[in-house]
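Working notes for the structure below.
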Protein chains: 2
Amino acid sequence: MNAKGGTNSFDGHPQVTNTNIAELNQGIDAWVENDFSGACPVRDLLDRIGDKWSVLIILRLGQQDERFRALLRAIEGISQRMLTVTLRGLERDGLVHREVFDTRPPSVVYSLTPLGVSLLGHISSLTDWALENATTVELAKSRYDANT
Amino acid sequence: MNAKGGTNSFDGHPQVTNTNIAELNQGIDAWVENDFSGACPVRDLLDRIGDKWSVLIILRLGQQDERFRALLRAIEGISQRMLTVTLRGLERDGLVHREVFDTRPPSVVYSLTPLGVSLLGHISSLTDWALENATTVELAKSRYDANT
DNA sequence: CTGAATCCCATCGGATACTG
DNA sequence: CAGTATCCGATGGGATTCAG
């Protein structure tokens, strides 16, 4: 099955047409051709949200602003190092805002920027998809593995 | 700035409320707690679309079904090995269908499954976001790097 | 509390060569 | 054409230690 010959509509989500996808691929190609040196924005985004922690941090900050230590406790399994590293990356990309309160002991609060909030919507629809189709995917894997 | 205290609406996209995000986090937590052994569907999805080639392949197959060699030419920079490996992964997850035509020489056509098509919508809205906000992000990086 | 610096290993993915 | 197998360098990320 494929997407040929028409418009695929998804319940409640924006419609996707072949034209859209074609334009997208063209957009990507354009970046690849014009500046092969590296900076494809799609690649960049995938590298970010593809890393181990960025999405979980964005989802958490989508709920509420939070301090460093609180994030460390909230996000199960993350190391201190990776929390700082990932937050720096998100801050650099303009997705997360870092505010320092000069108290004793020091307090630093992280929050989503407007840009971060705008990304949050797309990310959560993706993670929604993952949760909704978890069993389907799991089933597909079992069937695939069964047929060796 | 943050998402506290209300509903964030995005132009043309589904609305995102704090409740949604909270439920999402709960959903993730549930998986983490109940089966820490590994299989969080969100983690799984991120691992897949976070790898170097899956998204590009899905976008390409969203345009048209295609044979192995054609994909290899279409997707700039991918190695033969990674194309097979990635296609196997996508097939295992039930996102891509593989059809073998027993001709000489052999021909194998890949296409998106209905599940793959349903994911395509979310992915393309993400990559759309990346292209739309590319300059904004680039600017944020420059400003961040400037302030060392 | 918030972080930077170091060490170190597991995995990802590219190059290359070989098969049906 | 459509793969598989091996080798191997680059990178991601955890544990630990030190600093303001």
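Throughout, protein chains are lettered first and strands after them, A, B, ... in sequence-line order, and every chain is numbered starting at 1.
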Starting from [atom2] on [N], measure out to [atom1] on [X] and report it in whole angstrom.
X	N	atom1	atom2	result
A:Arg104	C:dT2	CZ	P	13 Å
A:Glu99	C:dT2	CD	P	14 Å
B:Asp47	C:dT11	CG	P	12 Å
A:Asp102	C:dT2	CG	C1'	12 Å
A:Arg98	C:dC1	CZ	C1'	12 Å
B:Ile49	C:dC12	CD1	C1'	17 Å

Distance below 4.0 Å between A:Arg69 side-chain N/O and C:dG3 OP1 or OP2: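 No.
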Under-4.0 Å side-chain N/O to phosphate OP1/OP2 contact, A:Tyr110 with C:dG3: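 Yes, because at least one side-chain N or O of A:Tyr110 sits under 4.0 Å from OP1 or OP2 of C:dG3.
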Applying salt bridge (charged side-chain N to carboxylate O under 4.0 Å, His left out), name anything that partners [X], two or more places apart in sequence or on another chain.
X	value
A:Lys141	B:Asp44
B:Glu66	B:Arg60
A:Asp128	none

Shared-cluster residues of A:Phe101, by chain and number - hydrophobic side chains joined below 4.5 Å: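 Once heavy-atom contacts under 4.5 Å are chained together, A:Phe101 belongs with A:Val109.
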Could you tell me which residues satisfy side chain to side chain donor-acceptor pair (under 3.5 Å) with [X], sequence neighbours excluded, listed by chain and number?
X	answer
B:Arg92	A:Asp145
B:Trp129	A:Ser118
B:Arg73	none
A:Ser54	A:Arg48, A:Asp51

Inter-end axis angle, the helix from C:dC1-D:dG20 to C:dG20-D:dC1, with every axis fitted to five base pairs (rounded, 10 degrees):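 Taking the rotation axis at each end, their angle is 40°.
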Distance, nearest 0.5 Å, that separates OG1 of B:Thr86 from CH2 of B:Trp53: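 It comes to 8.5 Å.
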Just the table, please: protein N/O against nucleotides 14-20 of chain C N/O, every pair under 3.5 Å.
{"from": "C:dG14", "atom 1": "OP1", "to": "B:Lys52", "atom 2": "NZ", "distance (Å)": "2.9"}
{"from": "C:dG14", "atom 1": "OP2", "to": "B:Ser79", "atom 2": "OG", "distance (Å)": "3.4"}
{"from": "C:dG14", "atom 1": "N7", "to": "B:Arg81", "atom 2": "NE", "distance (Å)": "3.4"}
{"from": "C:dG14", "atom 1": "O6", "to": "B:Arg81", "atom 2": "NE", "distance (Å)": "3.1"}

Pairs where residues 95-120 of chain A contributes a residue and the test salt bridge (charged side-chain N to carboxylate O under 4.0 Å, His left out) is met, not counting sequence neighbours: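 Found none.
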Residue mapping more 5' on DNA chain C - nearest nucleotide basis, A:Val85 or A:Pro105: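 Result: A:Pro105.
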Member of A:Leu90, A:Leu112, A:Leu95 meeting the side-chain contact (heavy atoms from CB on, under 4.5 Å) criterion with A:Ile57: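 So, applying the side-chain contact (heavy atoms from CB on, under 4.5 Å) to A:Ile57 and each of A:Leu90, A:Leu112, A:Leu95, only A:Leu90 qualifies.
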First-last contacting nucleotides on DNA chain D - partner chain A, under 4.0 angstrom, heavy atom: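 On DNA chain D, the outermost contacted nucleotides are D:dG13 to D:dG20.
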